[in-house]
There are 2 protein chains.
Amino acid sequence: MDRIDSSLIALRRIIRTTELFGREIRQATGVTPAQFRVLQIISESGFVTAKTISMRMQVSQGTVTSLVDKLVRDGLALRQKSSEDRRQIHILLTNAGRETLVDAPDPLQQRFVRKFRAMEDWEQAMLVANLERVATMLDAEDLDASPVLATGEIRPAGA
Amino acid sequence: MDRIDSSLIALRRIIRTTELFGREIRQATGVTPAQFRVLQIISESGFVTAKTISMRMQVSQGTVTSLVDKLVRDGLALRQKSSEDRRQIHILLTNAGRETLVDAPDPLQQRFVRKFRAMEDWEQAMLVANLERVATMLDAEDLDASPVLATGEIRPAGA
DNA sequence: GACAAAACTTCAACAGTCAAAGCAAAATTA
DNA sequence: TAATTTTGCTTTGACTGTTGAAGTTTTGTC
């Protein structure tokens, strides 16, 4: 088998793992990956507007509304009208929401980090360099990449 | 920024690219990524059973039925009762289905392959090794078998 | 021949997603 | 200041992907 095949297969394995992980996270937290990601985005800033979430996730506002609806329904987040700009709505976490994040740290990421830490210094450096190279090869330059592995699922745009 | 963050960001970029690519493929072919994958799986073997697709995609049979329904509806695939085992149904491509595959070559993959080919021999070898390593690091399989000494909390990045 | 297993489909129920339309609050402009 | 446009968000309607459970048909087995 040639190297091109090997590399493509490895890449596919990486991607597939993250796909399958969506199911894992749901099992562990009772929250879907998309909802989990919203939770993470909120928690990064304390509170956040729907617009922000929409842009960070590259998803329409309607989608954000529906995601936040579910988080609110399940008592993980709250909506709160902004007093400065009444068009805006601040979305923030409840204690239950914070707990969900704390109690369910990203196992995929943990798995990776744990193994990464076990590597020799030079191995770590090499791995980082190669990952970055691959990312660049795929032309993923100008993306908002936060150091969080929790991925949304690969989903088609609806009709 | 430490190496852990760098590596997670790079990984995230890779994953994000493939996510966005799903939209690209839909745009280019009029077929959703899931349906496209089914098309690819069929074409690898000429014809295929629902069970096979289900296993290959790690998805329930009901899902496969619904995906194939759509491909048939759109004239890209056909169902054909097996004569050996009448429980089985062979799924195969129509000409339109084959065309969809041909007309929509994988730009993400091409992109990668082109750049990969341009690399030095030793660089290619190193890249493959690192990708495979990452794939293994993310795989859940060896979780039980891995000699994990660190029982302590692993910080969820970002939070 | 009765019964279990296998391969599919059907059905009901969700989640995620979008586009388009609607509403309310700012911002801009006349 | 009044009218108009823009901005932020929700609602609605529609569609895909997905599952699990129940049902159908065909095989296989005792």
Side-chain angles (χ1 to χ4, degrees), chain A residues 19-27 29-39 41 47-74 76-92 150-159, chain B residues 19-20 22-27 29-39 41 47-74 76-91:
Chain A
E19 281 180 27
L20 295 178
F21 170 66
R23 305 173 197 185
E24 219 176 290
I25 216 181
R26 184 169 188 176
Q27 201 70 20
T29 67
V31 153
T32 66
Q35 288 166 23
F36 192 76
R37 187 121 180 269
V38 173
L39 248 31
I41 290 172
F47 69 90
V48 97
T49 68
K51 181 74 181 176
T52 305
I53 297 175
S54 161
M55 289 185 312
R56 288 288 298 275
M57 292 181 66
Q58 306 207 16
V59 117
S60 76
Q61 287 216 28
T63 301
V64 172
T65 296
S66 115
L67 290 172
V68 173
D69 280 350
K70 279 157 199 159
L71 292 176
V72 169
R73 177 197 66 191
D74 296 345
L76 303 177
L78 287 176
R79 287 189 168 97
Q80 201 173 278
K81 254 187 184 146
S82 163
S83 45
E84 308 103 47
D85 185 336
R86 289 180 133 76
R87 289 171 303 182
Q88 285 186 158
I89 295 201
H90 293 164
I91 298 158
L92 34 92
T151 166
E153 313 192 47
I154 297 184
R155 236 172 228 277
Chain B
E19 281 181 26
L20 294 179
R23 304 179 193 184
E24 223 175 285
I25 219 180
R26 191 180 196 291
Q27 201 70 19
T29 67
V31 153
T32 66
Q35 291 166 20
F36 192 77
R37 239 180 311 162
V38 173
L39 247 32
I41 289 172
F47 68 89
V48 97
T49 68
K51 181 71 178 178
T52 305
I53 297 174
S54 160
M55 288 185 313
R56 290 286 298 277
M57 292 181 64
Q58 305 208 18
V59 117
S60 77
Q61 286 217 27
T63 301
V64 173
T65 296
S66 116
L67 290 173
V68 173
D69 279 350
K70 280 155 199 159
L71 292 177
V72 169
R73 178 197 65 191
D74 296 345
L76 303 177
L78 287 176
R79 285 189 169 98
Q80 201 172 276
K81 254 187 182 145
S82 163
S83 44
E84 307 104 47
D85 184 337
R86 293 178 113 80
R87 289 171 305 182
Q88 285 187 71
I89 294 201
H90 293 165
I91 297 158

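This structure is a prediction, so every number in the text was calculated from the model and none was measured.
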Rounded to the nearest angstrom, tell me the gap between atom [atom1] in [X] and atom [atom2] in [N].
X       : N      : atom1 : atom2 : answer
B:Lys51 : D:dT27 : NZ    : P     : 17 Å
A:Met57 : D:dC9  : CE    : P     : 15 Å
B:Leu71 : D:dC15 : CG    : P     : 17 Å
B:Arg79 : D:dT25 : CZ    : C1'   : 15 Å
A:Arg56 : D:dG8  : CZ    : P     : 17 Å
B:Gln58 : D:dT19 : CD    : C1'   : 15 Å
B:Asp74 : D:dT16 : CG    : C1'   : 12 Å
A:Ile53 : C:dT17 : CD1   : C1'   : 16 Å

Could you list the residues that satisfy side-chain hydrogen bond (donor to acceptor under 3.5 Å, both in side chains) with [X], not counting sequence neighbours?
X       : answer
A:Ser66 : none
B:Ser54 : none
B:Asp74 : none
A:Thr29 : none

Hey, what are the protein-to-nucleotides 1-4 of chain D N/O distances that come in under 3.5 Å?
none

Inter-residue atom distance [X].[atom1] - [Y].[atom2], 0.5 Å rounding:
X       : Y       : atom1 : atom2 : answer
B:Leu39 : B:Thr32 : CG    : OG1   : 9.5 Å
B:Thr52 : B:Ile91 : OG1   : CD1   : 8.5 Å
B:Lys51 : B:Arg56 : NZ    : CZ    : 14.5 Å

- Query: By a strict heavy-atom criterion of less than 4.0 Å, which residues belonging to residues 60-68 of chain A are in contact with DNA chain D?
  - Reply: A:Gln61, A:Gly62, A:Thr65
- Note on the structure: Minimal heavy-atom distance between A:Phe36 and A:Val31, with the atoms involved, is N-CG1, 3.4 Å
- Query: Can you check whether A:Arg37 has a side-chain N or O nearer than 4.0 Å to OP1 or OP2 of C:dA15?
  - Reply: no
- Would you mind telling me which of B:Ile25, B:Leu71, B:Val68 makes a side-chain contact (heavy atoms from CB on, under 4.5 Å) with B:Gln35? B:Leu71
- Which of residues 81-92 of chain A sit near DNA chain C, with a heavy atom under 4.0 Å from it?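 Of all residues in residues 81-92 of chain A, the ones placing a heavy atom under 4.0 Å from DNA chain C are A:Glu84, A:Asp85, A:Arg86, A:Arg87.
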- Task: Compare all side-chain heavy atoms of B:Arg79 with those of B:Asp69 and state whether any distance is below 4.5 angstrom.
- Result: yes
Let's see if you can work this out: which of [options] has an atom nearest to the side-chain heavy atoms of [X]?
X       : options                : result
B:Lys70 : C:dT9, D:dG17, C:dA15  : D:dG17
B:Ala50 : C:dC8, C:dA15, D:dT16  : C:dC8
B:Val59 : C:dA15, D:dT19, D:dG17 : D:dT19

- Query: Got a sec, which residues hit side chain to side chain contact (heavy atoms under 4.5 Å, CB included) with A:Gln88, two or more places apart in sequence or on another chain?
  - Reply: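 Side chain to side chain contact (heavy atoms under 4.5 Å, CB included) list for A:Gln88, sorted by chain: A:Thr49, A:Ser82, A:Asp85, A:His90.
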- Message: Please enumerate all residues that pass side chain to side chain contact (heavy atoms under 4.5 Å, CB included) together with B:Val59, with sequence neighbours excluded.
- Response: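 So B:Val59 forms a side chain to side chain contact (heavy atoms under 4.5 Å, CB included) with A:Arg23, B:Met57, B:Thr63, B:Val64.
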- Query: Mind checking what makes salt bridge (charged side-chain N to carboxylate O under 4.0 Å, His left out) contact with A:Arg26, not counting sequence neighbours?
  - Reply: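 Testing A:Arg26 for salt bridge (charged side-chain N to carboxylate O under 4.0 Å, His left out), a comparison that skips the adjacent residues, returns none.
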- Item | Under the salt bridge (charged side-chain N to carboxylate O under 4.0 Å, His left out) test, residues paired with A:Arg86 that sit two or more places apart | none
- Item | Nucleotide-level pairing of DNA chain D, given in dot-bracket where Watson-Crick and G-U pairs need both distances under 3.5 Å and | marks other strands | ||||||||||||||||||||||||||||||
